[in-house]
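These numbers come from a predicted model, not from an experiment. Order of appearance sets the numbers: ligands from 1, and atoms from 1 within every ligand.
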Amino acid sequence: MKKVLIVGSGAREHALAQTFLKSPQVDQVIVAPGNDGMTDTDLKIVPIPVTDLIALRQLALDQQIDLTFVGSEAPLTLGIVDEFEQAGLAVFGPSQAASQLEGSKSFAKDLLTKYNIPTARSKTVHSLDAATALPAKFGFPLVAKLDGLALGKGVSIFANEQQYQDYLKDIFTKDPQATLVIEEFLKGVEFSIFSLVGKDGKVVHTPLAQDHKRRFDHDLGPNTGGMGAYSPLTWVSPAQKQMAIDQLVTPILAAMQSENTPFVGVLYTGVMWTTTGPKVIEYNVRFGDPEAQVVLPQYQGDFYTLIMDLLDGKVGQSDWQQKAIYLGVVLVAPGYPNAPQTGALVPTVVQVAPLTINYAGVKDGRAAGGRIATVVAHAQTTSLAQAEVYRKLSVIDTALDYRHDIGYQADLNHL
Ligand code: AMP
Ligand code: GLY
């Protein structure tokens, strides 16, 4: 029997753990550091922070882990895959060099431009003067992205010159050498492509998903890590999905190969479908959270075999369900994302099909972070799945907050 290590602590990692536990070959999953909500049978949490690569590697060696799957971006950009591979451990994720695709906005933009992959026109700047000149080129609304790992907070959108100048003053006062990518605002419909990328160019695409980044209903309020998601997307045709893959995913994987930083792991392509076709908003080098919680339960095969086959350079057989829509709503602490208040009791939701719950910031049964849990249900249509989740949430007595309109775009039929 096989042992799997998942690196991370959120609801995404909980969904990953549950997916591996469904494999008949896997008898134990360790999540480091995990959280107190992960109480599934055969799941163990070990409190090692995701940034302590040496302790994680030692854990994998001591526990004779057969496969490590890295959920979150921080250890990837620190080089966890390189560390593990040097120790002869099987690990699914990109190298430190390939992780720059998410870790550095300017690295990603340079590659997109060099290889002519459709994206917003942009300029990377390192000074207040250079940044001040850019509205003349791109107009308003205007988008600014801070270089470096953003954790969902790196993107700002400005409606006018005043807002933009105030932002620049603030950024360059804090760090006169700040690197910013300034780009044109893309109008369109957003969705995400997840590609499981193996060795020797082998790739398996999952069903598409749509996230809801703004904190409040009707897409109002600040950006968050994601308040809910659903998958698959009935309003993207198979031909449109293929077009997005051909134009945005395949060429970046080829580019990474040509640049001697071949990509292995989960490639997350944030797509804006514009009137002139699909464009890249961003790449991430891991599953989305909460997208993973609605995508992973759709795998009907043995996920352990799929990932090991990909690491062996074999095309894994991929087997995703196509009959139901999976929809997930994220429960957050009051005050999230700016000032989450900890301490609220976290409800225990009995996992009766079609309902599952994946836990995130839970400590001793109480909210210990901003993102606390994702409640997922599936049904024949998006509105039925939505009704299923919200019916459950309406009878739960909790001080946690959530959005009430996850999946609202599904019926708008907009491409
Ligand atoms: P990120 O933090 O990179 O995930 O971006 C957060 C959100 O900002 C994206 O999901 C988009 O909704 C928005 N965004 C980023 N870049 C652009 C752009 N060039 N045009 C319009 N919206 C954008
Ligand atoms: N849900 C967006 C992200 O994981 O970045």
Measuring from [X]:[atom1] to [Y]:[atom2], what's the distance to the nearest 0.5 Å?
X: E282; Y: L112; atom1: CD; atom2: CG; result: 11.0 Å
X: D302; Y: T19; atom1: CG; atom2: OG1; result: 11.5 Å
X: S156; Y: Y164; atom1: OG; atom2: OH; result: 10.5 Å
X: T113; Y: K123; atom1: OG1; atom2: NZ; result: 10.5 Å
X: K109; Y: Y283; atom1: NZ; atom2: OH; result: 9.5 Å
X: F185; Y: I157; atom1: CZ; atom2: CD1; result: 5.0 Å

Heavy-atom nearest neighbour of atom 20 (N) of ligand 1 within options T274, V280, L186: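 The nearest heavy atom belongs to L186.
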From Y283, Y268, F185 - option closest to atom 22 (N) of ligand 1 by heavy atom: F185
Would you say [X] and ligand 2 have an N/O pair spaced under 3.5 Å apart?
X: K213; result: no
X: R12; result: no
X: G225; result: yes

Which atoms of ligand 1 have any heavy atom of [X] under 4.0 Å away?
X: V143; answer: 16 (N), 18 (C), 19 (N), 20 (N)
X: E282; answer: 1 (P), 3 (O), 4 (O)
X: E183; answer: 16 (N), 17 (C), 18 (C), 19 (N)
X: V155; answer: 1 (P), 2 (O), 3 (O), 5 (O), 8 (O), 15 (C)
X: E190; answer: 9 (C), 10 (O), 11 (C), 12 (O)

K105 touching ligand 1 at heavy-atom level, < 4.0 angstrom: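 Contact present.
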Donor-acceptor pair, side chain of D401 and main chain of V332, under 3.5 angstrom: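 No; judged by distance alone, with no hydrogens or angles, the pair does not exist.
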Whether E190 side chain and M272 backbone form a donor-acceptor pair below 3.5 Å: no
By number and element, which atoms of ligand 2 are closer than 4.0 Å to a non-hydrogen atom of [X]?
X: D211; answer: 1 (N), 2 (C)
X: G288; answer: 4 (O)
X: E291; answer: 1 (N), 2 (C)
X: D289; answer: 1 (N), 2 (C), 4 (O)

Protein contact to atom 3 (C) of ligand 2 [nearest heavy atom, distance to 0.1 Å]: R286 NH1, 3.5 Å
Closest contact, heavy atoms only, K241 versus V236: N-CG1, 3.8 Å
Nearest heavy-atom neighbours spanning S195 and V203: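 Heavy-atom minimum between the residues: CB-CG1, 3.9 Å.
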Residue part near ligand 2, for M227, under 4.0 Å between non-hydrogen atoms: neither
Side chain to side chain donor-acceptor pair (under 3.5 Å) between E73 and Y268, intermediate numbers included: CA-CA 11 Å; E73 58 273 26; Y268 163 157; over 6 Å; no
Ligand 1 contact on K145 by region, counting heavy-atom pairs under 4.0 Å: side chain
